[in-house]
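Reviewing the structure listed below.
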Amino acid sequence: MRYWLFKSEPSEWSWADQVAKGEDGEEWDGVRNYQARNFMREMKLGDLGFFYHSQKDKEIVGVVRICAEAHPDSTTDDERWDCVDIEAVAPMPKSVTLADIKAHEGLQDMPLVKSPRLSVQPVTKEQWDTICEMGRYGK
DNA sequence: GCCAACGTTGGC
DNA sequence: GCCAACGTTGGC
């Protein structure tokens with residue numbers, strides 16, 4: 001099982017939009033970046049991810065699960081682009097802000113901090129556990 | 001195949 | 001709203 005982070009601008013696609021989709025999930029489409037695509041190709045059914053709001057909020061607001069592995073992006077005919085489907089699992093009881101992450105020992109190496117523009121990123125088990133604790137995301 | 005130009009993203 | 005960083009595109 002691996003962990004990931006999905007970044008979205010809330011005005012484009014927010015956590016509320018994701019939750020509204022329920023168990024059907026939604027394509028994480030529109031990604032036109034090779035690194036991000038490659039990460040999506042590595043994702044397995046059941047992997048978990050953080051849902052991050054960029055721009056105004058800059059915080060992790062919820063947890064999602066991969067509910068379909070990589071398949072062609074339906075928003076383009078360009079066969080280079082694949083995407084996965086994700087479904088909302090639960091909100092973060094306490095959202096974890098970018099400032100929190102930057103201030104926290106051991107989290108400064110996250111791509112979120114180092115490569116803020118990468119829209120899909122891997123998260124290590126240690127980082128995952130730390131952030132869950134910060135967000136009071138329980139077992 | 002290189003590299004300059006351009007567009008986009010996202011933090012501040 | 002600005003600007004820096006980065007990735008992609010396209011001309012050569």
Checklist entry - Whole-Å distance between C:dT8 P and A:R80 CZ? => result 9 Å

Item to check | is_close_aromatic(A:W15, A:Y52), centroid dist under 6.0 Å | outcome: no

Checklist outcome for this item: Among C:dT8, C:dT9, B:dG11, the one nearest any side-chain atom of A:P116 is B:dG11

Checklist entry - Can you check the A:N33 CG to B:dT9 C1' distance for me, whole Å? => result 11 Å

Item to check | Heavy-atom side-chain proximity of A:K102 to A:L98 below 4.5 angstrom | outcome: yes

Item to check | N or O in side chain of A:Q55 less than 4.0 angstrom from B:dG11 OP1/OP2 | outcome: no

Checklist entry - What's the NZ-P distance between A:K114 and C:dC6, to the nearest Å? => result 12 Å

Next on the checklist: For B:dC12 and A:K102 - does any side-chain N or O of the residue sit under 4.0 Å from the phosphate oxygens OP1/OP2?
Outcome noted: yes

Checklist entry - Rounded to whole angstroms, how far apart are CZ on A:F39 and P on C:dG7? => result 11 Å

Next on the checklist: Please confirm whether the shortest side-chain N or O distance from A:Y34 to OP1 or OP2 of C:dC6 is below 4.0 Å.
Outcome noted: no

Checklist entry - Under 6.0 Å between the ring centres of A:W28 and A:F51? => result yes

Checklist outcome for this item: Between CG of A:D57 and P of B:dC12 the distance, given in whole Å, is 14 Å

Item to check | Residue list, side-chain contact (heavy atoms from CB on, under 4.5 Å) with A:Q55, at least two apart or on another chain | outcome: A:E9

Checklist entry - For the pair made of CD in A:Q35 and P in B:dT8, what is the distance, rounded to whole Å? => result 20 Å

Checklist entry - Would you say A:L118 and A:W128 are hydrophobically clustered, going by side-chain heavy atoms of ILVMFWY under 4.5 Å? => result no

N/O to N/O distances under 3.5 Å, protein versus nucleotides 3-5 of chain C:
residue, atom, partner, partner atom, Å
C:dA5, N3, A:R117, NH1, 2.9

Item to check | A:D77 atom CG, over 12 foreign heavy atoms within 6.0 Å | outcome: no

Checklist entry - Using a cut-off of 4.0 Å on non-hydrogen atoms, how would the nucleic acid contact of A:L118 be classed: base, sugar-phosphate, or nothing? => result nothing

Checklist entry - Whole-Å distance between B:dT9 C1' and A:F6 CZ? => result 19 Å

Next on the checklist: Rounding to an integer number of Å, can you tell me how far A:H53 NE2 sits from B:dT9 C1'?
Outcome noted: 16 Å

Checklist entry - With sequence neighbours left out, what residues match A:D82 under salt bridge (charged side-chain N to carboxylate O under 4.0 Å, His left out)? => result A:R41

